[in-house]
Chemist: 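After the structure tokens below, expect a handful of questions from me.
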Amino acid sequence: MINIALFGPPGSGKGTQSKLILEKYGLTYISTGDILRQEIAEATPLGLAVKSIIERGALASDEIIMQVIESHINTDALSKGILFDGFPRTNAQCYMLEDLLGKMDTALNCMIFLDVPEAELCRRMLERARTSGRSDDNIDVINRRLEEYHQKTLPVIDFYEERGKIFHIDGMNSVEEIFSKITDVISKSL
Ligand code: AMP
């Protein structure tokens, strides 16, 4: 069983690398961002509750994320393992994840941190804004998302650093080079 969390600021290439990891290892994919966008598209009560939060680039509450994760984690998901994308994103969510996996007699193998300089992140997100149609890809919202990242999400690195579970990867390399480094890290963490 392999449980991996892919971590990095918005625009760091998590989505691209997730696809490659899923193809190679056949894991269950849990992307809290994708799940929330789906809930919004289906206008569920949860979707309606988070729509304006996501649109202004803020983070959804830990309670909402707990609900999302609990409803998507199940024994099936754990047969091969899980790739978490965009979760955990706050200190409280780190404890949430430890707890959930602990109850299922498993643990996170590693957190992979895709490191990309801020100027490059803005450039990539603005580029994506032209094609993605995502309502949270515009300059004001991008700035807000980066602010949230610095305030609430960066402490997640310390959490996993203290536990020796975080691996930094330079996100400025090519997609293939990054993926090859990711597979090395996964092999080491097994
Ligand atoms: P993403 O696609 O991962 O960049 O997520 C898009 C948006 O969904 C974020 O800007 C947040 O508003 C919300 N979101 C996704 N995952 C989380 C999370 N783990 N905690 C809080 N908010 C989240």
Side-chain angles (χ1 to χ4, degrees), residues 3-22 27-73 77 82-101 108 111-116 118 120-160 165-166 171:
N3 300 307
I4 304 166
L6 196 52
F7 182 88
S12 59
K14 294 193 297 288
T16 307
Q17 294 298 330
S18 289
K19 285 196 193 93
L20 298 172
I21 297 171
L22 293 174
L27 305 176
T28 296
Y29 184 48
I30 298 187
S31 156
T32 42
D34 280 358
I35 296 169
L36 293 174
R37 278 186 288 279
Q38 183 68 27
E39 297 274 348
I40 292 172
E42 289 170 6
T44 64
L46 196 139
L48 295 173
V50 293
K51 189 170 188 289
S52 66
I53 299 172
I54 291 192
E55 278 175 357
R56 64 170 194 271
L59 287 185
S61 69
D62 290 328
E63 290 71 26
I64 285 183
I65 296 301
M66 181 78 178
Q67 248 178 281
V68 164
I69 293 290
E70 278 186 334
S71 61
H72 283 79
I73 263 196
I82 305 178
L83 173 64
F84 295 97
D85 175 354
F87 171 84
R89 227 150 154 148
T90 63
N91 228 31
Q93 291 178 23
C94 296
Y95 286 102
M96 209 186 271
L97 180 62
E98 297 271 294
D99 227 51
L100 275 169
L101 293 178
L108 195 72
M111 166 164 278
I112 295 168
F113 175 39
L114 292 181
D115 204 355
V116 176
E118 194 129 323
E120 172 67 10
L121 295 173
C122 287
R123 194 196 64 74
R124 289 186 190 178
M125 280 196 283
L126 285 171
E127 179 67 32
R128 186 171 77 182
R130 275 198 275 275
T131 51
S132 73
R134 270 176 60 160
S135 57
D136 58 350
D137 277 340
N138 65 65
I139 192 69
D140 290 342
V141 177
I142 287 168
N143 285 332
R144 182 72 204 276
R145 292 175 72 204
L146 287 172
E147 245 176 69
E148 287 280 88
Y149 174 76
H150 285 293
Q151 281 177 13
K152 298 180 182 161
T153 307
L154 277 181
V156 170
I157 295 181
D158 296 335
F159 184 97
Y160 289 101
K165 284 196 174 172
I166 194 153

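Whatever order the structure lists them in is the order used to number ligands and atoms, beginning at 1. Residue numbers run from 1 in the order of the sequence given.
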Chemist: Output yes when a side-chain donor or acceptor of K152 lies under 3.5 Å from a complementary backbone atom of L59, and no otherwise.
Modeler: no
Chemist: Compare D85, I54, I64 and give the one whose heavy atom is closest to atom 7 (C) of ligand 1.
Modeler: I54
Chemist: Give the atom numbers and elements of ligand 1 that come within less than 4.0 Å of a heavy atom of L59.
Modeler: 12 (O), 21 (C), 22 (N)
Chemist: Report, in ascending order of atom number, the atoms of ligand 1 lying under 4.0 Å from any heavy atom of Q93.
Modeler: 18 (C), 19 (N), 20 (N), 21 (C)
Chemist: Give me the atom names and distance for the closest heavy-atom approach of Y160 to P88.
Modeler: OH-CG, 3.6 Å
Chemist: Which option, R89, E148, R145, owns the non-hydrogen atom nearest atom 15 (C) of ligand 1?
Modeler: R89
Chemist: Run the numbers for me: atoms of ligand 1, each under 4.0 Å from some heavy atom of L36, listed by number.
Modeler: 8 (O), 13 (C), 14 (N), 15 (C)
Chemist: Just to be sure I'm reading this right: ignoring hydrogens, which of T90, I142, I65 gets closest to atom 18 (C) of ligand 1? Compare them by their nearest heavy atoms.
Modeler: I65
Chemist: On a heavy-atom basis, I'd like to know which of S61, G33, A58, P88 is closest to atom 11 (C) of ligand 1.
Modeler: A58
Chemist: Would you mind finding which of G15, S12, G86, G57 brings a heavy atom closest to atom 19 (N) of ligand 1?
Modeler: G86
Chemist: Assess R37 for proximity to ligand 1: is some non-hydrogen atom of it under 4.0 Å away?
Modeler: yes
Chemist: Answer yes when E127 and R124 have at least one side-chain N-carboxylate O distance shorter than 4.0 Å, and no when they do not.
Modeler: no
